[in-house]
Number of protein chains: 2
Amino acid sequence: MQKQHSLSKNQQIILDLIVKSSEPLKAYSILFNVQKKGINAPLQVYRALDKLVEIGKIHKIESRNAFIACQNSSCQISKATAFSICESCENVSEISNSKLSKYLANFADEAGMKYNKYNLEFFGLCKKCK
Amino acid sequence: MQKQHSLSKNQQIILDLIVKSSEPLKAYSILFNVQKKGINAPLQVYRALDKLVEIGKIHKIESRNAFIACQNSSCQISKATAFSICESCENVSEISNSKLSKYLANFADEAGMKYNKYNLEFFGLCKKCK
DNA sequence: TAACAGTATGTAATAATATAACATTTATGA
DNA sequence: TCATAAATGTTATATTATTACATACTGTTA
Ligand SMILES: [Zn+2]
Ligand SMILES: [Zn+2]
Ligand SMILES: [Zn+2]
Ligand SMILES: [Zn+2]
């Protein structure tokens, strides 16, 4: 068992918001939504986001500057992330596919470089939009 | 043969700068460097960057908000990009591996979604840094 | 308990990245 | 030459993220 992180107040507030959101949230949208809970400044949001990303509870969708709750229970996957992003409705879902993650981990081994993380983003049209 | 894009003045200036750079360049660093050529405003830079990305001459490294020249001659690859990024020296190189690109294209087909693009970023330590 | 280290918080200011809006000019092709 | 698309120039502004510094909380160990 890995150490359980007990989240701080700000971290928990922000994680709760992200978890219950159906879409990726941007930092300033998060800020707006938690001001009634006493979080007033961007830095408070960014610090909580940094920590939540670090421990794998959330992921940053780099192409969108937005944050989504991890949809896998595994902590390890936070260093091996893959997402599918609809360019029409902006729906984002985390891909959990063991063949894909094995393939990419092995690919990393083959190359000269020592990898410790990857992030993959697929773009296209979701079922609703195509 | 595909249509050759003849680049405009601003596009060419900015492409030249990116091509001769040994590292990914950020938009405002580009702006600073091309001011002596008469490009004065951020928007002029961003418009050229947008176009160069669109036609595949450069790619955006999403995790770094920086731009790198395409290291493949192929235009198609601009919708199927993979990079390795050293977290120590920030060296970035474009991965050109037909097995990888085939694998990812096939993966896209398998899923329910119709993909038209992907971007993959590996992070680790390069040969010099490990 | 007291001391300490590590983590988290609060606040203000500012830096860095990116786009909106509008007027004008240049390139391309029918 | 006329119409259209693409590119440019300019100002202002929006969005995303960090620096700097002071303070408070949490868990561990002497
Ligand atoms: Zn996850
Ligand atoms: Zn969709
Ligand atoms: Zn390329
Ligand atoms: Zn390196």
Side-chain angles (χ1 to χ4, degrees), chain A residues 2-18 21 23-68 85 87 90 92 119 121, chain B residues 2-18 21 23-68 85 87 90 92 119 121:
Chain A
Q2 287 184 266
K3 181 184 184 310
Q4 292 299 313
H5 293 269
S6 66
L7 299 178
S8 73
K9 174 170 142 287
N10 287 1
Q11 289 160 11
Q12 190 65 58
I13 289 169
I14 287 171
L15 177 58
D16 288 347
L17 182 69
I18 294 172
S21 170
E23 60 188 3
L25 294 179
K26 295 179 156 248
Y28 277 71
S29 154
I30 292 169
L31 174 59
F32 178 80
N33 277 282
V34 297
Q35 280 181 328
K36 50 183 168 294
K37 305 228 173 183
I39 295 176
N40 302 301
L43 191 47
Q44 294 175 293
V45 173
Y46 281 105
R47 283 196 287 224
L49 289 173
D50 285 350
K51 186 69 182 184
L52 292 168
V53 166
E54 183 191 330
I55 65 180
K57 295 285 190 184
I58 65 174
H59 305 300
K60 183 173 185 180
I61 308 301
E62 292 287 355
S63 63
R64 299 298 186 261
N65 296 320
F67 299 85
I68 190 176
I85 302 170
E87 290 180 304
E90 292 295 325
V92 175
N119 180 55
E121 297 181 1
Chain B
Q2 289 185 267
K3 181 185 184 306
Q4 292 298 314
H5 294 270
S6 68
L7 299 178
S8 74
K9 176 171 141 282
N10 288 1
Q11 290 160 11
Q12 191 65 58
I13 289 170
I14 287 172
L15 177 59
D16 288 347
L17 182 70
I18 295 172
S21 170
E23 59 189 3
L25 295 179
K26 295 177 157 253
Y28 276 71
S29 154
I30 292 169
L31 175 58
F32 178 79
N33 277 282
V34 296
Q35 281 181 327
K36 51 182 167 297
K37 305 230 174 184
I39 295 176
N40 301 303
L43 193 47
Q44 294 175 291
V45 173
Y46 281 105
R47 285 195 285 224
L49 290 173
D50 285 350
K51 187 68 182 186
L52 292 168
V53 166
E54 183 191 330
I55 65 180
K57 294 285 189 184
I58 66 172
H59 304 301
K60 182 173 187 181
I61 309 300
E62 292 286 356
S63 64
R64 299 297 185 262
N65 296 321
F67 299 85
I68 190 176
I85 302 170
E87 291 180 305
E90 292 295 327
V92 174
N119 180 55
E121 297 182 0

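The sequence lines fix the lettering, A, B, ..., with proteins before strands; numbering per chain opens at 1.
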So, taking the atom named [atom1] in [X] and the one named [atom2] in [Y], what distance separates them when rounded to the nearest 0.5 Å?
| X | Y | atom1 | atom2 | result |
| --- | --- | --- | --- | --- |
| B/Ile14 | B/Lys37 | CD1 | NZ | 11.0 Å |
| A/Ile58 | A/Phe67 | CD1 | CZ | 6.0 Å |
| A/Ile13 | A/Ile18 | CD1 | CD1 | 12.0 Å |
| B/Arg47 | B/Ile39 | CZ | CD1 | 11.0 Å |
| B/Ile85 | B/Glu121 | CD1 | CD | 4.0 Å |

Candidate list B/Asn10, B/Leu17, B/Asp16, B/Asn40, test side chain to side chain contact (heavy atoms under 4.5 Å, CB included), partner B/Val34, passing option: B/Leu17

Could you work out which one of [options] sits closest to the side chain of [X]?
| X | options | answer |
| --- | --- | --- |
| B/Ser6 | C/dT28, D/dC21, D/dT18 | C/dT28 |
| B/Gln11 | C/dA8, C/dA21, D/dA7 | D/dA7 |
| B/Tyr46 | C/dA18, C/dG10, C/dA8 | C/dA18 |
| B/Asn10 | C/dA8, C/dA18, D/dG9 | D/dG9 |

Is [X] close enough to [N] that one of its side-chain N or O atoms is under 4.0 Å from OP1 or OP2 there?
| X | N | result |
| --- | --- | --- |
| A/Asn40 | C/dG10 | no |
| B/Lys37 | D/dT8 | no |
| A/Lys9 | D/dT26 | no |
| A/Ser8 | C/dT9 | yes |

Between [N] atom [atom2] and [X] atom [atom1], what is the distance in whole Å?
| X | N | atom1 | atom2 | result |
| --- | --- | --- | --- | --- |
| A/Asp50 | D/dT18 | CG | C1' | 10 Å |
| A/Phe32 | D/dT15 | CZ | P | 13 Å |
| B/Ile14 | C/dA18 | CD1 | P | 14 Å |
| B/Ile55 | D/dA7 | CD1 | P | 9 Å |
| A/Arg64 | D/dT15 | CZ | P | 17 Å |
| B/Gln44 | C/dT17 | CD | C1' | 17 Å |
| B/Leu43 | D/dA6 | CG | P | 17 Å |
| B/Gln12 | C/dT26 | CD | P | 19 Å |

A/Tyr28 ring over D/dT16 six-membered base ring, under 5.5 Å and 30°: yes

Could you tell me if the side chain of B/Ile55 sits less than 4.5 Å from the side chain of B/Leu7, heavy atoms only? yes

At how many degrees, to 10°, do the end axes of the helix from C/dT1-D/dA30 to C/dA30-D/dT1 meet when each uses five pairs? 40°

Between B/Lys26 and A/Ala41, name the one whose nearest nucleotide on DNA chain C is closer to the 5' end. A/Ala41

Say whether, by atom type as modelled, one donor and one acceptor occur between the side chain of B/Lys57 and the main chain of B/Lys51 under 3.5 angstrom. no

Residue whose nearest DNA chain D nucleotide is more 5′ - B/Ile39 or B/Asn65: B/Ile39

